[in-house]
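Below is one structure; the comments refer to it alone.
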Amino acid sequence: MTNKDICMLLKKVVAIYTLRGENRFRIIAYERTIESLEKSPFEAKDLWKEGRLMEINGIGQTISAHLDELFRIGKVEYFEELFSHYPDSMFPLLEVAGLGPKKAYYLADKLRLKDPTTAIEDLLKAAYADKIAKLEGFGSKSQSDIIDALERFREGQKKEVRISLPLAEGLAQKIIDYLNECSACSEIFPLGSLRRQLSTIGDIDLAVATNKPQTVLDWFTAYPHKSKVIESGPAGATIILSGGQHVDLRVQDPTSFGSMLQYFTGSKHHNIHLREIAIKQGLSLSEYGIKPINKIRNSKSEIRNYNDKKNLYEFAKEKDYYRFLGLEWIPPELREDNGEIEAAKNHNLPLLIEKKDIKGEFHIHTSYNLEPSHDLGLSDLKTILLKADSLGYEYIGISDHNPSKTHHTESEIISIMKARKYYYEQIKASNKNTRVNLFIMLETDILTNGELALPNDAFEYIDASIVSIHSNFNMNKVEMTDRILKGLSHPKAKMLAHPTGRLINKRAGYDLDWQKIFSFCRINDKALEINSFPDRLDLSDMMVREAIKNQVKLVINTDSHEVSQIDLIKYGISVARRGWSTKADILNCMPYNKVKEWLKI
DNA sequence: GCCGTTTTCGGCCCGACTGTTTTCAGTCG
């Protein structure tokens with residue numbers, strides 16, 4: 001019973017409550033639990049075993065009792081009773097864009113959809129047979145919209161198509177370039193999850209400051225690479241790109257653009273929390289500005305941005321919007337309602353790490369062929385040193401994969417490692433024009449039994465090692481934790497690369513006993529990697545925050561196999577920022593001498 | 001159903017857009 005399973009179950013409860021017109025705050029309570037579970041780096045079942053279920057944001061007495069029953073006997077009687085009154089076939093329909101609980105139920109009921117496994121196909125057949133348009137509350141337009149949505153769903157595009165951050169940035173940039181050709185756009189910003197730098201992006205959100213909203217919207221909806229305009233009104237429009245991604249654009253007057261930035265950056269729960277705080281101050285928040293409730297201007301009326309006509313304080317700058325509420329400006333990466341609002345109020349927001357704080361990195365593969373166990377890099381050391389120099393780095397660590405154990409004897413591996421060290425030293429010595437210092441390292445596999453895939457005598461030829469898992473991912477939590485801790489115990493093993501092994505949208509990654517890992521790393525001076533590669537971004541943002549709470553050092557590496565990938569470090573930095581990292585938390589913000597000391601060289 | 005630096009009871013965010021409606025319900029962010 002994983003968090004994902006629980007969320008599926010709770011979503012059914014939400015659908016039924018919505019259908020029944022249940023108290024909306026009860027529904028919101030379930031939605032909050034779902035949101036928390038989806039974001040949580042920990043499995044609820046693990047927390048339950050430790051009696052910590054109620055530590056999850058949004059879980060109180062009632063829901064924790066339900067989950068307790070679920071974990072004990074595999075089902076919740078109360079939920080089962082609830083579900084028994086509704087057709088199973090309505091739930092798959094909820095995944096289709098435009099269908100919510102009421103329509104899904106109504107369609108499943110009226111069209112007598114019986115089998116949940118074929119509900120989508122059955123609904124599509126009914127639509128083509130013109131059966132939907134005849135139903136009360138539906139018409140021919142909604143029928144054809146449903147057909148469109150179902151066809152897209154069949155192509156694998158659910159309500160949520162999440163794409164990688166770099167891909168989303170690329171798509172957004174193309175649209176921004178296109179919008180820039182329209183003279184009515186005075187400012188264009190990517191907002192939403194893009195601005196918050198989430199690891200994966202659902203919709204692409206853009207906002208434009210303009211005095212001619214309709215001109216901008218007409219220009220936007222005429223975007224040549226769209227496949228469809230979903231909606232379009234005076235405040236904004238939504239299109240679907242040919243690849244299936246949704247793009248939302250909002251327009252706003254420049255005098256209120258700060259309010260729009262705040263609103264459209266989200267997250268949803270950050271905004272909800274902010275609005276709750278505002279209500280207590282007698283204020284109501286929206287994308288247009290801040291409105292005094294009961295039309296009474298408050299003592300802050302000396303502020304010049306008050307629009308008498310609209311009874312609204314308007315904000316051109318986002319910073320002023322937060323300040324008006326008595327808060328420091330909150331970096332977008334923190335806006336997840338995880339305590340950032342309280343920190344902004346108490347003036348103890350973390351000073352987040354920035355690109356300029358990075359002084360080097362340790363996980364770069366070169367093209368030097370040491371007949372490795374895994375893939376070789378494509379760029380040579382000289383090229384990499386020049387690149388590092390251009391970035392102003394003080395040092396880099398080269399961490400090729402260890403020589404293959406299956407193709408070499410121990411003594412062969414030792415001579416390979418010796419030759420490699422000599423080769424790198426020669427290259428470094430012949431590159432007098434770079435100031436970049438070199439650490440000769442290795443990415444060493446942790447074998448199934450926890451031993452490192454390098455003979456002990458070969459460690460002499462490296463300064464330090466990154467260790468990682470590249471085989472046998474299916475071990476259970478206890479075994480995998482032991483395996484990793486054993487691997488990390490070697491005195492030269494200083495960093496654990498891509499600690500969970502996850503590949504976004506491809507592989508979930510293995511489970512670890514994090515308390516054990518954290519305390520081992522803290523006590524033995526080992527660092528956990530934030531791998532910047534967009535498919536990995538591992539550790540994840542939430543785990544980064546946990547690691548920091550546990551006083552574990554982190555290191556942001558790129559795992560570059562080609563020189564241009566060194567620039568991907570920006571994505572690792574984003575993860576670190578989302579995990580509340582300051583430069584003090586990150587190993588490669590330390591200057592060369594300190595790093596050398598830390599590596600015990 | 002949750003929650004507390006105004007509360008253990010009485011609150012709980014704000015708005016846009018669409019289709020099918022004669023004033024609104026459903027869905028979405």
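For the pair P101(A) and L94(A), the minimum side-chain heavy-atom distance is below 4.5 Å.
For K268(A) and dG29(B), the shortest distance from a side-chain N or O to OP1 or OP2 is not below 4.0 Å. Residue T62(A) has a polar side-chain atom (N or O) positioned under 4.0 Å from OP1 or OP2 of dC2(B).
Under the side chain to side chain donor-acceptor pair (under 3.5 Å) criterion, D68(A) pairs with W48(A), R72(A), sequence neighbours left out. Listed by chain and number, the residues in a side chain to side chain donor-acceptor pair (under 3.5 Å) with H273(A) are D337(A) (sequence neighbours excluded).
With no hydrogens or angles considered, a side-chain donor-acceptor pair links Y571(A) and E169(A) at under 3.5 Å.
At least one cation-pi condition fails for K12(A) and F79(A): the charged atom is not both under 6.0 angstrom from the six-membered ring centre and inside a 45 degree cone around its axis.
Look at CD1 on I27(A): it is 14 Å from C1' on dC2(B), rounded to the nearest Å. Here dG19(B) presents its P atom at 16 Å from CG of L107(A), a figure rounded to the nearest Å. In this structure, the OH atom of Y106(A) is 14 Å from the C1' atom of dG19(B), given to the nearest Å. Distance CD1 (I272(A)) to P (dC3(B)): 14 Å, rounded to an integer number of Å. In this structure, the CD1 atom of I201(A) is 14 Å from the P atom of dG29(B), given to the nearest Å.
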Atom pairs under 3.5 Å: protein N/O with N/O of nucleotides 20-22 of chain B:
residue	atom	partner	partner atom	Å
dT20(B)	OP1	G139(A)	N	2.4
dT20(B)	OP1	G139(A)	O	3.3
dT20(B)	OP1	S142(A)	N	3.4
dT20(B)	OP1	S142(A)	OG	2.7

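Under the 3.5 Å distance criterion, the side-chain polar atoms of D218(A) are left unmatched by any main-chain donor or acceptor of T215(A).
Spacing between dT21(B) and dG26(B) at atom C1', rounded to whole Å, works out to 12 Å. Taking atom P on both nucleotides, dT6(B) is separated from dC2(B) by 23 Å, rounded to a whole Å. Spacing of C1' atoms, dG11(B) relative to dT7(B), comes out at 8 Å, to the nearest Å. Separation of the C1' atoms belonging to dT20(B) and dA25(B) is 10 Å when rounded to the nearest angstrom. Distance check on atom C1': dT8(B) versus dC3(B) gives 9 Å, rounded to whole Å. When the C1' atom is used for both dC9(B) and dT22(B), the distance is 41 Å, rounded to whole Å.
Heavy-atom nearest nucleotides on DNA chain B were determined for I230(A) and for R26(A), and the one closer to the 5' end corresponds to R26(A). Across the interface with DNA chain B, nearest-nucleotide mapping of A235(A) and E276(A) shows E276(A) to be the residue nearer the 5′ end.
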* Would you mind building the protein contact string for nucleotides 5-10 of chain B? One character per nucleotide, 5' to 3', B for base within reach (heavy atoms under 4.0 Å), S for sugar-phosphate only, - for untouched. => -BB---
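G192(A) comes within 4.0 angstrom of nothing in the nucleic acid, heavy atoms only. Nucleic acid contact for I279(A): sugar-phosphate only, since backbone atoms but no base atoms lie under 4.0 Å from a heavy atom of the residue. Counting non-hydrogen atoms under 4.0 angstrom, L274(A) reaches nothing in the nucleic acid. The residue G266(A) sits apart from the nucleic acid: no heavy atom pair falls under 4.0 Å. Residue-level contact check: S284(A) touches the backbone only, with heavy atoms under 4.0 Å from sugar-phosphate atoms and none from bases. Backbone-only engagement by S232(A) is indicated by non-hydrogen atom pairs under 4.0 Å involving sugar-phosphate atoms exclusively. Within the 4.0 angstrom heavy-atom criterion, only backbone atoms of the sugar-phosphate kind lie near Y288(A); the bases stay farther away.
When each of R162(A), R32(A), K11(A), K4(A) is checked for a salt bridge (Lys or Arg N to Asp or Glu O under 4.0 Å) with E38(A), only K11(A) meets the rule. Among Y321(A), F324(A), Y288(A), the one residue that satisfies the ring-ring contact (aromatic ring centres under 6.0 Å, His included) test with Y313(A) is F324(A).
Closest approach to the K103(A) side chain among dG26(B), dC13(B), dC2(B) is made by dG26(B) (side chain taken as heavy atoms from C-beta onward).
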Distance-only check: which donor-acceptor pairs under 3.5 Å involve side-chain atoms of residues 102-115 of chain A, not counting sequence neighbours?
residue	atom	partner	partner atom	Å
D115(A)	OD1	T117(A)	N	2.9
D115(A)	OD1	T117(A)	OG1	2.7
D115(A)	OD2	T117(A)	OG1	2.9

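Within residues 7-23 of chain A, the residues having any heavy atom under 4.0 Å from DNA chain B are, by residue number, Y17(A), N23(A).
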